[in-house]
Amino acid sequence: MKTSFNDQLDITRRDLMKGGMGAASLAAVSAGAAVPAAVTAASVAVTANAAQAQQHAASATVTQPATGIVMSPDYARTVAQMAYVWGWPMVNMINRRAAITQAPEPGHLNGVLPAAPRGQIAMLNDYIEPSETFVTCPNEDVVYGLGFFALDEEPVVIQVPDFGDRFWVYALYDARTDQFGHLGKPYGSKPGFYLLAGPRWSGLKPDGTTDVLRCPTSLANAIPRVFQDDTPEDRKAIQEVINQVVAYPLKDFDGEMKTIEWAKVPDIPGPASSGEETKWVVPDKFFDQFGEVLDTVDPLPGEEALYGQFRLLLDAASKDPELKKVLVATAVETEDKVIQPFFQWKHNGRPAGNGWNRSTNNAQFGVDYFNRTGTAKSNMFDNRPNETQYFYTDHDGAGGELSGSGSYAITFPAGQEPPVNGFWSLTLYNDKHLFHANDLKRYSLGTKNKNLKRNSDGSLTLYAGAKSPGGDKENNWLPAPDGKFSLYIRAYWGKEAILDGSWQPPAIEVAQ
């Protein structure tokens, strides 16, 4: 008897609660050493071998942690807290991959979320629905895609159609949530077939492919984003091009552009939403999955000592049930005291002026663990800073907490909207960092909107609150829930003033 997708997701969730993904579902993930993107197989082999030789030489001369020691609970607690903060994004990634790749074919999970088997992607055919809870801070300016891969054993071909003047970018993420490769309008990428390969894949660049993009880890995912105006005409016009945004294993590559009519793919039944983001990291079971991360994600330069301490911790806990209880208790406490505060924007990124914060090192975190984990908790899958800069706040310009009981005005002086080569938007999220369903079905305003009303001096005022500002102002209004909410500015393909921080978001004023 076949197992339904819904049943498989339930099994995955039970596996999480019981202590891990299971060997079968993750056996395809291979370890990966960091190597440059878009290089030939031969040069990758030389680079990887050289890096491994250096690591082996270093490990031969540096004393490693001694096993068989009796670790005190307080020492274990200290190391475990750092392990939890460091590993949180990667455990998050392997659990998302395990759930999404259970889709029997590319389609839309609950009619809302793109989902596909491993090695493929699915695309939406319009903006994402407000009921989406796969990831926080979704974007209502683009048509999204999503897919997860195991690139060492199964390289993937991803198609790039001719987008014309339309903004697009394919964000390609490794297991750490860092982007690899450069594929999109900001890079002048050409239409064609691009091969995504892992660090240990030893094949040659296939004839007919445009380029090879190397991921530093075997586990990877892709999230294409294609800009769409908020008009019926553009919803129709975009279909032909997004239907060519397709990915598939290398064995299926034949040099011909494949097409999938994304508006007609099946809806895949899945678990009902709880109204908040799916809990991808279960503190009680974190350390049952943590070894998977250490085994499949190679250390960055300088991280070898961390890996040594983390492996020692797991080794000691595997031999001492009481110590394992300390690890579990530490994970639960760290989730509450360290991870949860990242959901407040004041604890995210750096101040950007006028009560806003801005993203930092997004999708190129390296060893910036603070921003990597903060982003994974609050708004996972950012684009690189040159692709998108994010500004966010929970407060008005005077420091008051944003609430639907109030009315707010955000005025961009004439000529001082976010300076971008792509597009910009202002999005409103509820206290879960998700959309607030409303009768206008309106969740963001910006470049995509063609009916915004400007002030007589050329400035642009946008409004936020549970109550409509009335009249012509309603075109510029973002409906808010009755309780707390956040505001979030995206600046896609920002100009220099965005990148260097000289442009600041306007102060949010309490409207009279």
Side-chain angles (χ1 to χ4, degrees), residues 126-130 137-143 166-167 227-238 353-356 390-398 400-420 422-430 434-492 494 498 503-512:
D126 199 350
Y127 299 139
I128 199 163
E129 288 292 320
C137 298
N139 183 338
E140 269 277 320
D141 310 298
V142 301
V143 177
R166 189 183 299 274
F167 180 90
F227 177 72
Q228 175 182 272
D229 282 339
D230 191 15
T231 63
E233 294 79 13
D234 204 41
R235 280 183 171 84
K236 181 178 179 181
I238 199 175
N354 292 322
W356 297 78
Y390 306 86
F391 303 85
Y392 27 65
T393 185
D394 299 312
H395 299 87
D396 61 36
E401 195 167 50
L402 296 174
S403 171
S405 61
S407 296
Y408 304 91
I410 305 94
T411 299
F412 299 90
Q416 295 185 37
E417 292 161 32
V420 292
F423 65 89
W424 69 271
S425 65
L426 176 72
T427 305
L428 188 148
Y429 297 113
N430 64 17
L434 298 169
F435 292 131
H436 166 62
N438 61 82
D439 292 340
L440 295 179
K441 297 183 179 180
R442 183 184 297 163
Y443 312 101
S444 69
L445 293 170
T447 305
K448 68 175 184 178
N449 300 98
K450 306 307 176 186
N451 60 349
L452 297 178
K453 304 296 183 181
R454 293 187 175 274
N455 302 317
S456 58
D457 62 358
S459 62
L460 177 66
T461 300
L462 303 181
Y463 302 91
K467 183 179 179 181
S468 170
D472 287 346
K473 293 180 179 179
E474 187 164 284
N475 282 344
N476 294 21
W477 171 52
L478 287 173
D482 292 332
K484 300 176 183 178
F485 68 89
S486 302
L487 289 173
Y488 196 109
I489 294 174
R490 286 177 171 83
Y492 265 78
I498 291 286
W503 182 86
Q504 293 187 351
I508 300 171
E509 300 178 344
V510 178
Q512 301 300 321

**Q** Is the positively charged end of Lys448 above the ring of Tyr127, judged by distance under 6.0 angstrom from the centroid and angle within 45° of the axis?
**A** yes
**Q** Could you go through Thr393 and Asn354, starting from their C-alpha distance and side-chain angles, then the distance that decides it, and tell me whether this counts as side-chain contact (heavy atoms from CB on, under 4.5 Å)?
**A** CA-CA 10 Å; Thr393 185; Asn354 292 322; over 6 Å; no
**Q** Please check if the number of heavy atoms outside Lys450 that lie under 6.0 Å from its NZ is greater than 12.
**A** yes
**Q** Going from CG on Asn449 to CG on Asn475, what distance comes out if it is rounded to the nearest 0.5 angstrom?
**A** 9.0 Å
**Q** Compare every heavy atom of Ala480 with every heavy atom of Gly404, then report the nearest pair and how far apart it is.
**A** CA-CB, 4.4 Å
**Q** Do Thr447 and Phe227 have side-chain heavy atoms sitting under 4.5 Å apart?
**A** yes
**Q** Output yes when a side-chain donor or acceptor of Asp234 lies under 3.5 Å from a complementary backbone atom of Ile238, and no otherwise.
**A** no
**Q** Are the side chains of Tyr463 and Ser407 in contact, using a 4.5 Å heavy-atom criterion?
**A** no
**Q** Arg490 and Trp424: side-chain contact (heavy atoms from CB on, under 4.5 Å), yes or no, with the steps?
**A** CA-CA 5 Å; Arg490 286 177 171 83; Trp424 69 271; over 6 Å; no
**Q** For Asp394, is there any backbone N or O sitting under 3.5 Å from a side-chain donor or acceptor partner on Ser486?
**A** no
**Q** A side-chain contact here means heavy atoms from C-beta on lying under 4.5 Å apart; do Leu462 and Leu478 qualify?
**A** no
**Q** If you apply the rule side-chain contact (heavy atoms from CB on, under 4.5 Å), what do you find for Asn139 with Ile128, and how did you get there?
**A** CA-CA 8 Å; Asn139 183 338; Ile128 199 163; over 6 Å; no
**Q** Would you indicate whether the side-chain heavy atoms of Asn451 and Asp230 approach each other to under 4.5 Å?
**A** no
**Q** Heavy atoms only: give me the nearest Leu452-Gly446 pair and the separation to one decimal.
**A** CD1-O, 3.8 Å
**Q** For Phe412 and Gln416, work out which heavy atoms get closest and say how close.
**A** CD2-O, 3.9 Å
**Q** Could you tell me which non-hydrogen atom of Ile498 sits nearest to which non-hydrogen atom of Pro419, and how far apart they are?
**A** CG1-O, 3.2 Å
**Q** Quick one: closest heavy-atom pair of Ala491 and Val420, and the distance?
**A** CB-CG1, 3.6 Å
**Q** Gln228 versus Arg235: any side-chain heavy-atom pair under 4.5 Å?
**A** yes
**Q** Using every non-hydrogen atom in the two residues, find where Arg442 and Pro479 come nearest and quote the distance to one decimal.
**A** O-CD, 3.8 Å
**Q** Is there a side-chain contact between Ile508 and Ile410, using heavy atoms and a 4.5 Å cut-off?
**A** yes
**Q** Test side-chain contact (heavy atoms from CB on, under 4.5 Å) on Leu440 and Trp477; report intermediate values, then the result.
**A** CA-CA 10 Å; Leu440 295 179; Trp477 171 52; 3.6 Å; yes
**Q** Taking side chain as C-beta onward, heavy atoms only, is Trp356 less than 4.5 Å from Ile489?
**A** yes
**Q** Using 30° and 60° as the class limits, which term best fits the ring planes of Tyr443 and Phe435: parallel, tilted or perpendicular?
**A** tilted
**Q** Between Asn455 and Thr461, is there a side-chain donor-acceptor contact under 3.5 Å, judged purely by atom types and distance?
**A** yes
**Q** Under the 3.5 angstrom rule, does the side chain of Asn430 hit a backbone N or O of His436 as a donor-acceptor pair?
**A** no
**Q** Does the ring centre of Tyr429 sit less than 6.0 Å away from the ring centre of Tyr488?
**A** yes
**Q** Looking at OG of Ser468 and NZ of Lys473, how far apart are the two atoms once the value is rounded to the nearest 0.5 Å?
**A** 10.0 Å
**Q** Checking ring pair (Phe, Tyr, Trp, His ring centres under 6.0 Å) for the pair Phe423/Phe167: CA distance, chi angles, key distance, verdict?
**A** CA-CA 8 Å; Phe423 65 89; Phe167 180 90; 5.6 Å; yes
**Q** Have Asp141 and Ser444 got a donor and an acceptor in their side chains that come within less than 3.5 Å?
**A** yes
